[in-house]
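Report on one structure; see the data block that follows.
Letters go in sequence order (proteins before strands), and every chain restarts at 1.
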Number of protein chains: 2
Amino acid sequence: MTDLNKLLTPLFLSEKEIRKIIELIFFSYREFTLGPDEILNKINYGRAHHRVIYFVGKQKNITIKDLLGILKITKQSLSRVLNQLVKEKYILVSIGEDKRTKKLCLTQKGLDLEAKLSKIQIDKIKSIINDAKESDINGFKKILYSMIDEKSKKIFNKLNE
Amino acid sequence: MTDLNKLLTPLFLSEKEIRKIIELIFFSYREFTLGPDEILNKINYGRAHHRVIYFVGKQKNITIKDLLGILKITKQSLSRVLNQLVKEKYILVSIGEDKRTKKLCLTQKGLDLEAKLSKIQIDKIKSIINDAKESDINGFKKILYSMIDEKSKKIFNKLNE
DNA sequence: TTATTTAGGTCAGTCATATTGACTTAATTA
DNA sequence: TAATTAAGTCAATATGACTGACCTAAATAA
């Protein structure tokens with residue numbers, strides 16, 4: 001980058017400032033996932049289990065296919081995690097109207113774990129929101145939304161219709 | 001939560017809205033790491049290599065100890081990744097003034113890879129910033145900063161003195 | 001000067017997440 | 001009836017991370 005360009009670049013667009021954002025994303029994501037990870041660890045589960053429980057809780061009677069579409073992992077990867085959750089009765093499986101499909105939903109045990117895990121993250125965000133200006137929260141949400149790809153935007157919008 | 005509480009809770013503090021934020025964080029982080037991950041995959045490296053290269057690039061002559069403090073992983077975990085990077089000449093190791101310590105720095109090869117990986121993320125953020133209001137960016141940065149723990153805040157501040 | 005702490009390294013074993021590839025079954029749809 | 005779709009399974013592999021035990025060498029404190 002030439003000196004001229006540097007002069008013409010507003011501070012918030014400089015590479016130095018952008019690298020700060022990269023670091024903040026790294027540190028904040030790690031911190032954000034720490035709480036649930038610790039609880040999951042105690043019951044020999046991992047973050048993948050949280051994701052499955054979260055989205056099954058979010059969209060009751062979701063099919064395997066749709067869940068795979070949200071998580072963007074292979075069915076072999078999902079299989080291991082999901083089978084454990086079904087075996088240990090966090091998730092209940094039933095046959096869909098289209099008999100090729102399966103419908104997943106959380107049992108009471110699953111709902112309890114989901115609530116316990118999500119509570120940590122919800123509380124964290126709540127406390128941040130309490131100390132922040134509403135305009136900052138709105139900026140935060142807008143930027144997050146603009147960071148995601150079109151397909152995920154569609155999935156996100158559908159989940160929150 | 002009672003109906004009364006619901007009435008008293010501003011929309012942006014409702015659990016429903018907070019869960020949207022949780023989902024946005026999940027989707028955006030995945031999208032954010034996707035580009036570098038693809039490049040790393042081609043040379044049989046992973047995200048851990050990116051982190052090491054990023055922070056060694058950020059703080060020239062960083063010691064193993066300080067790097068471990070930033071990454072918050074065990075030395076056994078770092079060892080595998082770092083040894084690969086040293087063996088394949090992305091990182092150069094030298095002895096510190098305190099002869100127990102080692103100083104790490106990127107070689108030209110390392111600088112090139114760092115630039116290539118970070119460029120994807122920098123460009124992504126740049127394009128978002130270009131389309132967004134400065135106040136939204138500032139809100140985004142403020143909230144990210146408030147999400148991280150005290151220790152990471154200190155590390156972040158030190159990295160950007 | 002000796003004892004302790006610190007920085008770094010290493011060996012071994014384990015677990016969780018995720019992948020590719022190949023193949024199967026059953027149900028739906030063209 | 002043929003093709004597609006949803007789901008499942010077996011096997012092999014890679015990556016990222018952990019615990020625990022143990023070691024060396026240098027710096028520092030008692």
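Asn160(A) and Glu23(B) form a side-chain donor-acceptor contact under 3.5 Å, judged by distance and modelled atom types alone.
With dA17(D), dA7(C), dT17(C) as the candidates, the nucleotide lying closest to the side chain of Ala48(B) is dA17(D). Across dA27(C), dG16(D), dT17(C), the shortest atom-to-atom separation from the side chain of His49(B) is found for dG16(D). If you check dT17(C), dA27(C), dA7(D) against the side chain of Thr101(A), the one that comes closest is dA7(D). Of the candidate nucleotides dA17(D), dT28(C), dT15(D), dT28(C) has the atom nearest to the side chain of Lys99(A).
For the pair Lys153(B) and Tyr145(B), the cation-pi criterion (under 6.0 Å, within 45° of the ring axis) is fulfilled.
In this structure, CZ of Arg47(A) is placed 14 Å from P of dA16(C), rounded to the nearest angstrom. Protein atom CD of Gln84(B) is 9 Å distant from nucleotide atom C1' of dT15(D), rounded to whole Å. Distance Leu40(A) CG to dC15(C) P: 17 Å, rounded to the nearest Å.
The backbone N or O of Ile148(A) sits nowhere less than 3.5 Å from a side-chain atom of Arg30(B) that would complete a donor-acceptor pair. In this structure, the side chain of Thr63(A) does not engage the main chain of Lys103(A) through any donor-acceptor pair within 3.5 Å. A donor-acceptor pair is defined here as one N or O able to donate and one able to accept, closer than 3.5 Å; no such pair exists between the side chain of Ser118(B) and the backbone of Ala115(B). Without hydrogens or angle criteria, Lys109(A) side chain to Glu88(A) main chain gives a donor-acceptor distance under 3.5 Å.
The stretch residues 52-80 of chain A touches DNA chain C through Lys72(A), Ile73(A), Thr74(A), Gln76(A), Ser77(A), Arg80(A), each having a heavy atom under 4.0 angstrom from the strand.
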